[in-house]
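To keep things clear, I will list the structure first and then write my remarks on it.
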Amino acid sequence: RPGELCVCARREGGRKVAAQSGLSPLQRSQTFESFQLKWYDKPEAAAEIAAAVRSFGEKLAAGEYGGNLFLYGPVGNGKTHLASAAANLVLAAGRNVIYRRVGTLVEEIRDELYGGGEKGGERPFFQSLLAADLLILEDLGTERLTDFAEEQLAILIDERINRQRSWLLTSNLVGDAFTGRYDPRLVDRVMGEARRLYFRETSVRHKKAQYLALEKEKNTRI
């Protein structure tokens, strides 16, 4: 249509946005279709979580406000895979996604403020965090917690809530380990503004590794 980008231009723009998203090459290959339920002891529960994350991603891809998600539970249960799948869904629609591990993010924010990255007080990196259609913060709770880190995370989440810009957080912390770690203001924002999806399984990654090791041993014997 007149005034609209052609498919090729949108695809090329999507590639550039994807390259700037912060997703690793492995994460760029993680989709909802490749999320395998066979590794879960309770596949029905895992399927419900996957469906909720997919619905979230589909809303954002369609240009709607998707709310916020908090994926939490023990390590190795597919939180990163589902977060990446949502990101890839949103990116495929030509929208903007920023993915960061929380520890890395805090250091980038610190560098912009105190390392010469700030330009005339505009903070372009921080502004990009506020403007992205989807912000994914991975491994909340593994960062070195300081007053600066906590303050910047609270400001970032607060601002995105005010602007109705969706975010997705993942964390291995459960219960008091999470609520006791952070300032009540940050805990209140995360717990009150996000849909919480709890992964109860033991490590799916460990199950896969055991299976592959057994298969390798079988093949070696043959």
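Just so you know, these numbers use all the heavy atoms, side chains as well, and skip hydrogens, waters and symmetry mates.
Residues Glu143 and Leu145 are in side-chain contact: their nearest non-hydrogen atoms beyond the backbone lie under 4.5 Å apart. Using a 4.5 Å cut-off on side-chain heavy atoms (C-beta onward), Val53 and Phe32 make contact. Considering only heavy atoms from C-beta on, Leu169 stays 4.5 Å or farther from Leu69 through its side chain. The side-chain heavy atoms of Leu173 and Thr142, taken from C-beta on, include no pair separated by under 4.5 Å. Here the side chains of Asn96 and Val90 are not in contact, with every heavy-atom distance at 4.5 Å or above. Side-chain atoms of Leu113 and Phe126, non-hydrogen and from C-beta on, never get closer than 4.5 Å to each other.
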Checklist entry - Could you go step by step and tell me if Ser21 and Leu91 meet the side-chain contact (heavy atoms from CB on, under 4.5 Å) rule? => result CA-CA 9 Å; Ser21 67; Leu91 286 168; 4.3 Å; yes
Checklist entry - Can Glu138 and Tyr99 be said to form a side chain to side chain donor-acceptor pair (under 3.5 Å), step by step? => result CA-CA 8 Å; Glu138 181 87 63; Tyr99 166 92; 3.0 Å; yes
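In this structure, the separation between CG on Leu23 and OG on Ser84 is 5.5 Å, given to the nearest 0.5 Å.
A salt bridge links Glu33 with Arg54: the closest approach of a Lys/Arg side-chain nitrogen to an acidic carboxylate oxygen falls below 4.0 angstrom.
Between the side chains of Gln27 and Ser24, at least one donor-acceptor pair of N or O atoms lies under 3.5 Å. His81 and Thr31 are not linked by any side-chain donor-acceptor pair at a separation below 3.5 angstrom, with hydrogens and angles left out of the test.
Among pairs with a residue in residues 187-198, those fulfilling side-chain hydrogen bond (donor to acceptor under 3.5 Å, both in side chains) read Asp158-Arg189, at least two apart in sequence or across chains.
In the hydrophobic clustering of ILVMFWY residues, with side-chain heavy atoms under 4.5 Å counting as a link, Ile155 and Met191 come out together.
Residues Phe35 and Tyr40 place their aromatic rings such that the two centres sit under 6.0 Å apart. The ring of Phe70 has its center closer than 6.0 angstrom to the ring center of Phe178.
The side-chain contact (heavy atoms from CB on, under 4.5 Å) search around Arg165 returns Asp133, Arg160, Arg163, not counting sequence neighbours.
Each of Leu137, Leu140, Val102 was scored for a side chain to side chain contact (heavy atoms under 4.5 Å, CB included) with Ser171, with one residue passing: Leu140.
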